[in-house]
Amino acid sequence: MPQTDSQSTPIEVGADPVERLLAELNPEQREAVTHGEGPLLVLAGAGSGKTRVLTHRIAWLLATGRAGPEQVLAITFTNKAAGEMRGRVEELLGGVARRMWVMTFHAACARILRRDAQLLGYSSNFTILDEADARRMVKRCLEAIGADPKRFHPRAVRAAISRAKNALLDAAAYGDGGGSPFEQVVGEAFRLYERRMRDANAMDFDDLLVRTVEVLRDEQAGARWRRRFGWLLVDEYQDTNHAQYELLRLLASEHGNLTVVGDDDQSVYGFRGADIRNILEFERDFPAAHTVKLERNYRSTQTVLSAAHAIVSRNQGRKEKRMWTEAGAGEPVRVIELADEHAEARQIAAEIERLVADEGVSRDQIAVFYRVNAQSRVLEDILVRDEVPYQVIGGTKFYERAEIKDAIAYLSLLANPADEIAFGRAVNSPKRGIGATSQARLASHANTTGATIWEVAERPEKVPGLGKAAVKAVGRFVETIAGLHERAASAPPLADLLEATLSETSYLDTLEAERTIEAQGRLENLHELVGVAREFDAERAIEGESELTPLEEFLQQVALYSEQDGLHDEGGMVTLMTLHNAKGLEYDAVFVIGCEEGLFPHARSLEEGNLEEERRLCYVGMTRARRLLQLTYARRRMLYGVGEASIPSRFLGELPDELVEREGGLATLGWGPGTGPSPGIAPAPGPHPSYATGEDVVHASFGEGVVTAVEPDGIVVVRFAADGSERKLMADFAPLRRRSA
DNA sequence: CGTAAATGTTTTTTT
DNA sequence: AACATTTACG
């Protein structure tokens with residue numbers, strides 16, 4: 001039986017390790033941890049100790065001999081979460097934890113595909129494209145099929161393709177059945193996109209999932225992986241999409257040992273294909289499923305929990321959970337009105353300093369959340385001015401900076417010369433006199449001869465129309481890369497390879513010659529990347545086993561890097577991030593800024609009918625707070641270049657008065673001067689008063705009907721006599737009136 | 001071919 | 001307001 005061999009916890013003489021594992025759990029947690037074979041759904045509310053349940057369950061499976069470490073596949077949302085989970089299991093059981101697969105869906109898929117991609121006609125050194133590259137590829141496909149990129153935005157087309165893939169529709173299936181002009185263009189672009197991706201041996205994020213599903217559907221390979229992973233555990237299950245669901249279903253189809261942990265109230269990734277039905281209908285999809293609800297919260301005060309519940313409980317079709325705590329009521333939630341975003345930022349900065357100075361709160365226990373990244377700037381200005389140390393999570397990402405992408409492109413080219421995206425990026429940065437025209441000539445020659453762009457570049461003199469200077473420049477470029485490629489073959493430390501690459505391609509020299517502050521920053525970023533590589537080299541020296549070369553593994557790690565992975569909790573810094581990035585984290589004090597209609601909830605979400613997802617986002621943000629929670633809104637906000645008067649978020653009106661302390665503009669909450677009642681601020685809680693179920697009503701266009709239900713937010717459901725249809729209407733706005741008897 | 005200016009576009013959230 | 005892409009010019 002495995003032993004706790006490395007931990008500070010003293011091993012009591014005679015204590016049974018399994019008993020010790022269970023001793024620190026509450027009854028519900030224990031029920032989940034000790035569930036035997038078969039599907040298990042853990043509905044884990046915010047702060048209910050779900051990570052603890054997952055880690056202890058894994059440890060329990062291993063310690064009781066039910067599973068061997070190599071049979072465990074545990075899926076987390078970020079790489080950081082994966083590292084932490086592995087670490088905790090290791091704390092409980094020691095080194096055997098090393099051999100488990102604990103990683104994100106995408107990382108696990110990449111690893112499976114590195115082994116089995118040949119089955120699908122890919123070679124195992126395929127490249128992973130990030131969103132920007134994928135969009136560029138879509139754009140090129142649109143140009144190739146002669147679609148006007150003004151009318152058909154690459155972004156929108158890429159999104160449509162992504163949506164299709166997440167639903168496991170391939171290009172052929174998408175194209176069937178005609179559809180709107182947009183859909184036809186998407187279909188055509190989709191087919192070309194898939195062909196080109198395959199030719200380039202490249203995959204986008206969605207492909208990693210889709211192709212893995214294909215592998216698992218292969219009789220032999222599928223059976224191999226099913227046998228390999230006898231135990232599946234998935235965190236944040238509410239954020240899985242259809243492809244991920246199918247992947248799990250296939251893997252679990254024989255043994256059924258699938259544990260999923262999640263909270264339907266925290267499903268906030270619908271926009272990228274996550275399907276909340278996965279969690280809501282788990283018991284239907286896996287009829288043998290056992291369900292455990294974790295409703296005891298170990299994080300927040302009752303006030304925070306009740307306030308958050310008041311908001312999320314307005315959603316329809318959720319699984320009712322009511323979180324409780326023994327922590328006591330604590331401070332009221334503060335709701336504050338400020339004049340504009342600058343005043344808001346000043347208030348936050350001052351309040352942070354007050355918390356630090358007067359209440360002894362540590363800065364790294366304070367976080368500010370906002371809906372969109374653009375909101376961070378004003379706040380950063382003030383924090384810099386007031387010398388409040390802070391870190392921003394997200395925004396312009398390290399790995400999306402031009403110089404970093406260039407460096408990565410060079411490394412990709414060394415790993416996979418056929419990578420035309422990397423080629424296109426590297427070939428003319430720094431400037432080598434191989435501009436758009438020359439590149440187009442290379443590409444079109446590759447296209448007509450069926451060779452890869454690299455093969456074409458190796459014989460530049462054969463490319464029709466390529467100028468003399470360009471031929472020479474391409475020749476020099478190829479020579480440089482070939483030399484580096486040779487060097488890479490001997491598997492030198494990555495940091496050295498990267499440094500050699502940057503200097504031999506003259507990348508560093510060119511930047512240094514610029515002598516601008518900007519170039520200096522870029523050099524620093526590249527220096528940091530070398531540091532990352534060095535760290536990678538050091539870690540890898542310990543780890544060992546892998547089917548990839550170090551270079552390939554590094555590229556993969558970089559490609560699947562997520563923002564939260566870069567989060568550090570040392571350093572005494574306040575943390576700034578979007579509400580989406582906040583999931584899974586917790587802080588003593590939380591500030592949510594920009595609580596205004598149109599911003600939060602975001603106008604686009606409202607347009608697309610995603611109010612409930614916004615409400616869940618609000619729930620997520622609020623429940624990150626242990627004891628202090630402040631929500632602010634500005635009367636005026638300058639966003640995207642124009643200043644406009646704003647209306648307080650409807651979510652603020654949904655907070656029960658007894659839990660809230662309102663400051664500034666108390667009387668005006670919801671009623672700006674002369675603007676009349678604000679639609680967002682319905683009296684809370686309780687249904688809208690104007691209509692009652694069973695009342696007869698008349699609608700200006702649908703005619704006579706009867707109210708069949710009254711929902712929160714002033715929505716009434718009316719069945720109309722004329723056509724028997726049932727419609728949801730906004731009582732305040734719909735041309736609807738009571739029919740007097 | 002490269003640079004600079006002009007023009008247009010985009011601003012939800014991300015593995 | 002900031003950025004990317006396109007266009008015009010040297």
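Chain letters run A, B, ... following the sequence lines, proteins first and then strands; every chain starts at 1.
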dT11(B) base / R604(A) side chain donor-acceptor hit below 3.5 Å:
no
Using a cut-off of 4.0 Å between protein heavy atoms and nucleotide atoms, how would you tag nucleotides 1-10 of chain C 5' to 3' with B, S and -?
SS---S----
Does any non-hydrogen side-chain atom of V260(A) lie less than 4.5 Å from one of L258(A)?
yes
Would you indicate, yes or no, if dT11(B) has its OP1 or OP2 atom less than 4.0 angstrom from a side-chain nitrogen or oxygen of R155(A)?
yes
What is the distance, to the nearest angstrom, from the OH atom on Y370(A) to the C1' atom on dT14(B)?
14 Å
Atom OH of Y269(A) and atom P of dT15(B): how far apart are they, to the nearest Å?
7 Å
Please give the distance between the P atoms of dT11(B) and dT6(C) as a whole number of Å.
15 Å
Given the structure, check if the side chain of H602(A) and the base of dT12(B) hold any donor-acceptor pair shorter than 3.5 Å.
no
Below 4.5 Å, heavy atoms only, C-beta onward: do S438(A) and V474(A) meet side chain to side chain?
no
When rounded to whole Å, the CD to C1' distance for the pair E608(A) and dT12(B) reads 9 Å
Counting only side-chain nitrogens and oxygens, does H153(A) get under 4.0 Å of the OP1 or OP2 atom of dT10(B)?
yes
Determine the interplanar angle of the F77(A) and Y269(A) rings, folded into 0 to 90°, and report it as parallel if under 30°, tilted if 30 to 60°, perpendicular if over 60°.
tilted
Say whether N610(A) and E613(A), considering side chains only, have a donor N or O and an acceptor N or O under 3.5 Å apart.
no
With a non-hydrogen cut-off below 4.0 angstrom, is E613(A) in contact with a base, only sugar-phosphate, or nothing?
nothing
Could you say whether T104(A) or R371(A) is positioned toward the 5' end of DNA chain B, judged by the nucleotide with the nearest heavy atom to each?
R371(A)
To the nearest angstrom, the CG-P distance between L208(A) and dT14(B) comes to 19 Å
Between W101(A) and W225(A), how do the two ring planes meet: parallel, tilted or perpendicular, split at 30° and 60°?
tilted
Quick one: N581(A) CG to dT15(B) C1', roughly how many Å, whole number?
11 Å
pi-stack flag for F271(A) and dT12(B), centroid dist under 5.5 Å, interplanar under 30°:
no
Looking at F600(A) versus F651(A), is the centre-to-centre ring distance below 6.0 Å?
yes
Taking the nucleotide of DNA chain B with the nearest heavy atom to each, does T578(A) or Q439(A) sit closer to the 5' end?
Q439(A)
Let me know the distance between CD of E131(A) and P of dT12(B), rounded to the nearest Å.
15 Å
N201(A) side chain near D419(A) side chain, heavy-atom distance below 4.5 Å:
no
Describe the nucleic acid contact of N373(A) in one word from base, sugar-phosphate, nothing, applying a heavy-atom distance below 4.0 Å.
sugar-phosphate
Side-chain heavy-atom pair E654(A), R314(A) within 4.5 angstrom cut-off
yes
What distance, rounded to whole Å, do you find between the two C1' atoms, one in dT5(C) and one in dT12(B)?
23 Å
What's E236(A) touching, base or sugar-phosphate or nothing? Going by heavy atoms closer than 4.0 Å.
nothing
Tell me the interatomic distance from K431(A), atom NZ, to dA4(B), atom C1', rounded to whole angstroms.
12 Å
Whole angstroms only, please: what is the CZ-P distance between R158(A) and dT10(B)?
17 Å
